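Taking it in order: structure first as C-alpha cells, then the write-up.
Keep in mind the model is a prediction, meaning the values are calculated, not measured. Whatever order the structure lists them in is the order used to number ligands and atoms, beginning at 1. Numbers here simply count residues along the sequence, with the first being 1.
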Amino acid sequence: MTARAHWTNRLAFILAASGSAVGLGNIWKFPYITGTNGGGAFVLIYLVCIALVGIPIFIAELYIGQSSQKSVVESFEVLDRKNSPWKSIGWLGLAAAFLILSFYSVVGGWVLDFEYRSLIGEFTRETDDQISSTLGNLFGNPGRQLLWHFIFMAMTVSIVLRGVKEGLEKWNKILMPGLILMLVGLLVYSVQLDGFMQSLKYLFSFNTDALTPAGVLEAVGHSFFTLSLGMGAIITYGSYLQKREAIARTAIVVGLVDTAVALAAGVVIFAVVFTFGMEPGAGPSLMFKTLPMLFVKLPVGQIVAIIFFLLVSFAALTSSVSLLEVVVAYWEEKKKISRKVVTIVTGVIIYALGMLSALSTNVLSDFKIMGLTFFDLFDKATSQYFLPIGGLFIAMFFGWKLGPEAAKHALGGNRPGFSAGLMWSARLVAPIAVGIIIIYKIYMDFQ
Ligand code: TRP
C-alpha cells in the first residue's frame with residue numbers, strides 16, 4: 001500500500017481548507033439569505049454560531065481526521081472500535097456529500113454561464129430589464145443548464161482525479177489567492193458607490209424586528225454549510241495533515257477567512273443593491289441580478305464582470321472538489337479501487353442526481369415533495385438536517401468519547417482555559433444548541 005498523501009505545509013492546508021469553506025455559500029447564499037431575513041440581526045446570529053458552534057466543531061473534525069489518518073467512515077472505527085455505532089455519522093456524511101454536490105454543481109453551472117456571457121459581452125449590449133431576466137431565462141432552458149452543470153462537474157472531477165497534492169493542493173494554491181485579490185479589488189471599488197454606507201448599515205445594525213424563528217434556523221444551518229461542517233469534508237482534509245501539527249489555530253484562521261469573505265461579498269452586493277434601489281430580499285437570484293447591472297454601467301464594466309464571475313467560479317470549484325473528495329477518499333481507501341475510476345463513477349452519479357435540481361426550475365417545477373422542488377429539498381434537507389445532525393454527533397464524539405486528551409492535542413499542549421472552553425462547547429453548548437434547533441425544525445416541518 002502506498003503511504004497516505006499529505007499537504008506539503010501548513011499554508012497549503014490553510015489554503016485548501018479555506019478553499020473548501022469559501023464558496024457559493026459565502027458569495028451567493030450568505031448575501032441572499034441575509035437579504036430575505038432582513039439584514040443585521042441575522043448577521044449577528046450567524047456570527048455567534050460561527051464562533052460558539054462552528055469553530056469548535058471545525059476543530060473536532062480536524063482532530064478526528066488528523067488523528068485517525070482515515071476518511072469519513074473509517075475514522076470513527078479507528079478512533080473507537082470496529083463497527084462502532086459512531087460510524088453512522090460517516091454514512092450520513094457520504095449521503096450529504098452526494099446531495100450537496102448535486103445542487104451545488106448546478107449553481108456552479110449558472111456561474112459559469114454568467115462568466116461566459118460576460119466574456120462575449122452580452123450584458124454590455126442589453127438593457128437593465130434584459131439583464132435582470134437573464135437568470136430567469138436560463139432557468140427556463142433545461143438544455144443550457146444541463147450543459148453548464150456538466151462542465152462544472154467535469155472540472156471538479158478533473159481536479160480530484162489528480163489527487164491530493166497534484167490536484168487539490170495545486171489548484172487551491174492558484175485559485176484561493178486569486179479569489180482574495182479579486183474580492184479586495186471589488187471591495188475597494190464598492191466604497192465609492194452611493195449605496196456603500198447603506199450597505200454597511202444594513203449588514204451591521206441589529207434590527208431585530210425582521211428576524212423570525214425560521215431565520216434563526218437558517219443562520220444555524222448556514223454556519224455549518226459555510227464552514228463545510230457536519231459531513232466529514234474537514235475530517236477528510238484533516239486526514240491529510242501530519243499527526244504532529246497543532247490544529248486549533250488553523251481552525252480559527254479558516255473561520256476568520258471564511259467569515260471575512262462572506263461579509264466582504266455582502267458589503268459589495270448590498271452596496272450595488274442600494275445604489276440602484278433594488279430589493280435586498282430578492283432571494284437566490286440576488287447576486288445574478290444585481291451585479292451584472294452594475295458592471296455594465298462602469299467604465300471597464302465588462303472586465304469587472306469577467307473578474308467577478310471568475311472569482312465566484314474559483315470559489316465554487318475549490319469547494320466542490322472538497323465535497324467530491326469526501327466520497328472519493330472513502331471509496332479509494334475502503335474498496336481499494338483506483339482513484340481515477342472512483343472519481344469518474346462518483347462524478348457521473350452526482351451529475352445524474354444534479355439533473356433533478358437543474359430541472360427543478362423548468363420541466364420538474366411542479367413536482368414537489370413537502371412543498372419543495374428537488375433543488376430546494378436538497379438544499380434545505382442538507383443544511384437544516386444532515387449537517388446540523390452530523391455536527392451534533394461529531395461534537396459529542398469529540399467531547400465525550402475522545403475527551404480532554406484530544407483537546408490538549410488539538411490545542412498543541414496544555415492550555416487549561418482553552419481546553420476547558422473547547423470541552424464545554426463540544427460536550428454541552430454545541431449539542432444542546434444544535435439539538436434544540438433540530439427539534440424545533442422538526443416541529444415546524446412536521447406539525
Ligand atoms: N462551504 C462551501 C460553501 O460555503 C460548500 C461546501 C464545501 C460544503 N464542502 C462542504 C458544505 C461540505 C457542507 C459540507 O460554499
Inset, instruction - Using the six-membered ring wherever Trp is involved, compare the ring planes of Trp7 and Tyr237 and label them parallel, tilted or perpendicular (cut-offs 30° and 60°). - result: perpendicular
Legend entry - Geometric class of the Phe139/Trp110 ring pair [parallel <30°, tilted 30-60°, perpendicular >60°]: tilted
Inset, instruction - Would you check, one step at a time, whether the test salt bridge (Lys or Arg N to Asp or Glu O under 4.0 Å) holds for Lys340 with Glu332? - result: CA-CA 9 Å; Lys340 264 213 175 80; Glu332 194 191 15; over 6 Å; no
What does the contact table look like for ligand 1 (nitrogen or oxygen on each side, cut-off under 3.5 Å)?
from: ligand 1; atom 1: 1 (N); to: Ser20; atom 2: O; distance (Å): 3.2
from: ligand 1; atom 1: 1 (N); to: Ala21; atom 2: O; distance (Å): 3.0
from: ligand 1; atom 1: 1 (N); to: Phe225; atom 2: O; distance (Å): 2.8
from: ligand 1; atom 1: 1 (N); to: Thr226; atom 2: O; distance (Å): 3.2
from: ligand 1; atom 1: 1 (N); to: Ser228; atom 2: OG; distance (Å): 3.0
from: ligand 1; atom 1: 4 (O); to: Ala21; atom 2: O; distance (Å): 3.0
from: ligand 1; atom 1: 4 (O); to: Gly25; atom 2: N; distance (Å): 3.4
from: ligand 1; atom 1: 4 (O); to: Asn26; atom 2: OD1; distance (Å): 3.3
from: ligand 1; atom 1: 9 (N); to: Ser228; atom 2: OG; distance (Å): 3.3
from: ligand 1; atom 1: 9 (N); to: Ser322; atom 2: OG; distance (Å): 3.2
from: ligand 1; atom 1: 15 (O); to: Leu24; atom 2: N; distance (Å): 3.1
from: ligand 1; atom 1: 15 (O); to: Gly25; atom 2: N; distance (Å): 2.8
from: ligand 1; atom 1: 15 (O); to: Tyr104; atom 2: OH; distance (Å): 2.5

Legend entry - Single hit among Phe274, Phe196, Phe42 for ring-ring contact (aromatic ring centres under 6.0 Å, His included) with Tyr202: Phe274
Inset, instruction - Name all residues meeting the salt bridge (charged side-chain N to carboxylate O under 4.0 Å, His left out) criterion together with Glu169; count only those two or more places apart in sequence or in a different chain, and write none if there are none. - result: Lys173
Legend entry - NZ/NE/NH1/NH2 to OD/OE distance under 4.0 Å, Glu218 and Lys441: no
